[in-house]
Amino acid sequence: MIEKINSLKAEIAQLTASNAADVEALRIKYLSKKGEVSLLFNDFRALAPEEKRALGAPLNELKDFATNKITELKESLENVESDADALDMTRTASPIKLGTRHPLSVVRNEIVGIFSRLGFTIAEGPEIEDDWHVFSSLNFAADHPARDMQDTFFIRRTPDVLLRTHTSSVQSRVMEKNQPPIRIICPGRVYRNEAISARAHCFFHQVEALYVDKNVSFADLKQTLLYFAQEMFGPETKIRLRPSYFPFTEPSAEMDISCNLCGGKGCSFCKHTGWVEILGCGMVDPNVLDACGIDSKVYSGFALGMGVERITNLKYQVKDLRMFSENDTRFLEEFTAAH
């Protein structure tokens with residue numbers, strides 16, 4: 001019997017398997033009730049006590065060796081199958097290029113980061129809005145031109161449901177639900193019924209800021225604007241404020257910065273004036289505060305808003321607004337190094 005044990009051990013040592021079915025067949029052949037190792041145990045029971053003492057240990061070693069070999073074959077096949085599952089056979093053989101952030105996202109994040117350092121927090125609202133939050137609560141008169149179909153995309157006229165034309169609607173929602181102090185920044189997409197061209201689009205992106213508290217003054221607004229301009233465009237940047245009109249602020253102003261291309265000397269980009277307009281701003285009209293449930297006799301505030309596309313144009317000199325939404329990979333690849 002010892003020769004049979006040694007022979008089976010040598011045979012088992014050479015076993016191989018290419019799949020799970022092969023492993024199962026080997027297990028049945030050697031370790032099942034009618035397998036070759038099990039048959040040796042049947043013969044072992046008929047031996048004399050002296051022979052049992054001599055063959056017991058080798059026979060048990062054979063069984064353990066066969067069990068370990070079958071387990072080893074099974075585990076090796078499982079590892080191979082696991083590696084194969086992890087490999088995507090449909091993947092292209094060419095290296096996959098890494099993507100990059102969209103230039104509008106890069107600039108929007110930079111704007112938000114600057115205002116975050118001043119204590120402003122992000123507030124968001126729905127793009128499909130109602131008349132109250134887009135117009136009425138912001139002191140727009142009933143016959144204001146912005147309410148006309150030429151400027152606003154109305155989804156339903158009665159009651160008025162529309163695509164927001166500015167992110168100021170987020171400000172009115174926040175003021176309705178919160179009492180001062182309020183210090184928020186509102187980034188988002190807005191829509192206006194305009195002809196699409198190199199200088200205009202029917203949708204674009206805005207970032208607006210609102211600060212409401214006791215004793216907020218125009219000087220606070222001016223200092224905030226100067227800090228933003230110098231953080232965004234460089235420490236040598238100068239600003240100027242020109243009187244303007246917005247229904248929701250009084251007094252209102254438009255802000256220009258010294259042209260970052262010519263340093264204020266005058267070039268074709270700034271139309272040889274040395275200044276470039278970037279945003280509108282002003283002190284929140286008391287009517288807006290009262291409409292939103294804030295006592296205008298106690299609190300005051302300022303608001304400002306800018307187009308992200310406008311700021312992006314100033315930073316990267318993108319002359320055609322349509323490039324931002326056409327998904328031309330050649331254009332987007334130019335911003336691979338942007339953060």
Side-chain angles (χ1 to χ4, degrees), residues 111-112 115-116 118-148 151-192 205-225 228 244-255 279-307:
I111 294 171
V112 170
F115 280 94
S116 295
L118 290 173
F120 288 78
T121 57
I122 294 177
E124 296 180 332
E127 295 183 5
I128 299 177
E129 267 288 8
D130 54 48
D131 176 275
W132 169 257
H133 291 99
V134 175
F135 296 129
S136 298
S137 66
L138 296 171
N139 204 36
F140 280 80
D143 58 351
H144 195 283
R147 294 175 177 267
D148 195 275
D151 295 313
T152 305
F153 286 109
F154 284 93
I155 298 174
R156 203 167 56 238
R157 291 308 300 261
T158 307
D160 285 341
V161 179
L162 50 98
L163 296 178
R164 66 184 181 188
T165 59
H166 49 197
T167 54
S168 302
S169 58
V170 180
Q171 299 179 22
S172 64
R173 285 184 175 274
V174 171
M175 286 190 287
E176 282 180 342
K177 297 178 180 178
N178 301 275
Q179 285 296 304
I182 296 172
R183 190 179 296 183
I184 59 170
I185 186 167
C186 314
R189 180 180 294 183
V190 299
Y191 305 84
R192 293 183 187 174
H205 300 79
Q206 282 187 338
V207 176
E208 298 193 19
L210 172 71
Y211 177 39
V212 181
D213 203 348
K214 294 179 180 179
N215 303 317
V216 176
S217 68
F218 202 94
D220 297 319
L221 169 61
K222 182 179 178 181
Q223 191 61 35
T224 299
L225 294 173
F228 165 73
S244 186
Y245 167 76
F246 303 107
F248 37 85
T249 54
E250 179 59 37
S252 303
E254 290 181 344
M255 188 183 90
L279 58 82
C281 60
M283 300 301 294
V284 179
D285 193 296
N287 291 334
V288 174
L289 294 175
D290 292 333
C292 294
I294 295 175
D295 190 347
S296 62
K297 294 182 175 61
V298 178
Y299 298 103
S300 58
F302 67 71
L304 60 95
M306 68 195 82

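Just so you know, residue 1 is the first one in the sequence shown, and it goes up from there. Remember, it's a predicted structure, so these values are computed and weren't measured experimentally. Just so you know, these numbers use all the heavy atoms, side chains as well, and skip hydrogens, waters and symmetry mates.
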Asker: So, taking the atom named CG in D151 and the one named CG in L162, what distance separates them when rounded to the nearest 0.5 Å?
Answerer: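 Output value for this atom pair is 12.0 Å.
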Asker: Specify the closest pair of heavy atoms between A253 and F246, including all atoms of both residues, with the distance to one decimal.
Answerer: O-CE1, 3.5 Å
Asker: So, using side chain to side chain donor-acceptor pair (under 3.5 Å) as the criterion, who are the partners of T167 when residues are at least two apart?
Answerer: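 Side chain to side chain donor-acceptor pair (under 3.5 Å) check on T167 returns E208.
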Asker: Mind checking the CG-CD1 spacing from L163 to I128? Nearest 0.5 Å is all I need.
Answerer: 6.0 Å
Asker: Say you draw a straight line from OG1 of T152 to CD of E129; how long is it, rounded to the nearest 0.5 Å?
Answerer: 12.5 Å
Asker: Is it true that a side-chain atom of D220 and a backbone atom of S217 form a donor plus acceptor pair closer than 3.5 Å?
Answerer: yes
Asker: Taking only residues two or more places apart in sequence or in another chain, which ones pass side-chain contact (heavy atoms from CB on, under 4.5 Å) with S300?
Answerer: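 Listed in chain order: V216.
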Asker: Any side-chain heavy atom of L289 within less than 4.5 Å of one from V212?
Answerer: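 A side-chain contact under 4.5 Å exists here.
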Asker: May I have the step-by-step check of side-chain contact (heavy atoms from CB on, under 4.5 Å) for T249 and D285, ending in yes or no?
Answerer: CA-CA 5 Å; T249 54; D285 193 296; 5.8 Å; no
Asker: Does any pair with a residue in residues 284-305 pass ring-ring contact (aromatic ring centres under 6.0 Å, His included), and if so which ones, sequence neighbours excluded?
Answerer: Y211-F302
Asker: With T165, which residues qualify under side chain to side chain donor-acceptor pair (under 3.5 Å), at least two apart?
Answerer: none
Asker: Measure the spacing between CD1 of I184 and CZ of R173 and express it to the nearest 0.5 Å.
Answerer: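 Output value for this atom pair is 12.5 Å.
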Asker: Just how far is it from atom CG of L279 to atom CZ of F228, taken to the nearest 0.5 Å?
Answerer: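 The CG atom of L279 sits 6.5 Å away from the CZ atom of F228.
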Asker: Please check if the side chain of S172 supplies one atom and the backbone of H133 the other of a donor-acceptor pair under 3.5 Å.
Answerer: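 A pair under 3.5 Å: yes.
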Asker: What residues, two or more places apart in sequence or in another chain, satisfy side-chain contact (heavy atoms from CB on, under 4.5 Å) together with A291?
Answerer: W132
Asker: A303 and L221: which non-hydrogen atoms are nearest, and at how many Å?
Answerer: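 A303 and L221 have their closest heavy atoms at O-CD1, 4.5 Å.
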Asker: Distance check, rounded to the nearest 0.5 Å: Y245 atom OH versus E250 atom CD?
Answerer: 8.5 Å
Asker: Got a sec: does the CD of E176 have more than 12 other heavy atoms crowding it under 6.0 Å?
Answerer: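 Yes, CD of E176 has more than 12 neighbouring heavy atoms, counting only those of other groups under 6.0 Å.
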Asker: Can you find a pair of side-chain heavy atoms, one from P187 and one from I111, that are under 4.5 Å apart?
Answerer: no
Asker: Could you walk me through whether V288 and M175 pass the side-chain contact (heavy atoms from CB on, under 4.5 Å) test, one step at a time?
Answerer: CA-CA 9 Å; V288 174; M175 286 190 287; 3.9 Å; yes
Asker: Do R164 side-chain atoms and G188 backbone N/O form a donor-acceptor pair below 3.5 Å?
Answerer: no
Asker: So, applying side chain to side chain contact (heavy atoms under 4.5 Å, CB included) with C186, which one of I122, V170, V112 is it?
Answerer: V170
Asker: So which atom in L138 and which in S169 form the shortest heavy-atom distance, rounded to 0.1 Å?
Answerer: CD1-N, 4.3 Å
Asker: Please list all pairs passing the ring-ring contact (aromatic ring centres under 6.0 Å, His included) test where one or both residues lie in residues 160-187, with sequence neighbours left out.
Answerer: F140-H166, H166-F248
Asker: Search all heavy atoms of N178 against all heavy atoms of I294 and return the closest pair with its distance.
Answerer: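 Taking every non-hydrogen atom into account, O-CD1, 4.2 Å.
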Asker: Ignoring hydrogens and geometry, is there a side-chain-to-backbone donor-acceptor pair from R183 to A209 under 3.5 Å?
Answerer: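 Absent.
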Asker: Is there a side-chain contact (heavy atoms from CB on, under 4.5 Å) between M255 and L304 once you walk through the steps?
Answerer: CA-CA 10 Å; M255 188 183 90; L304 60 95; over 6 Å; no
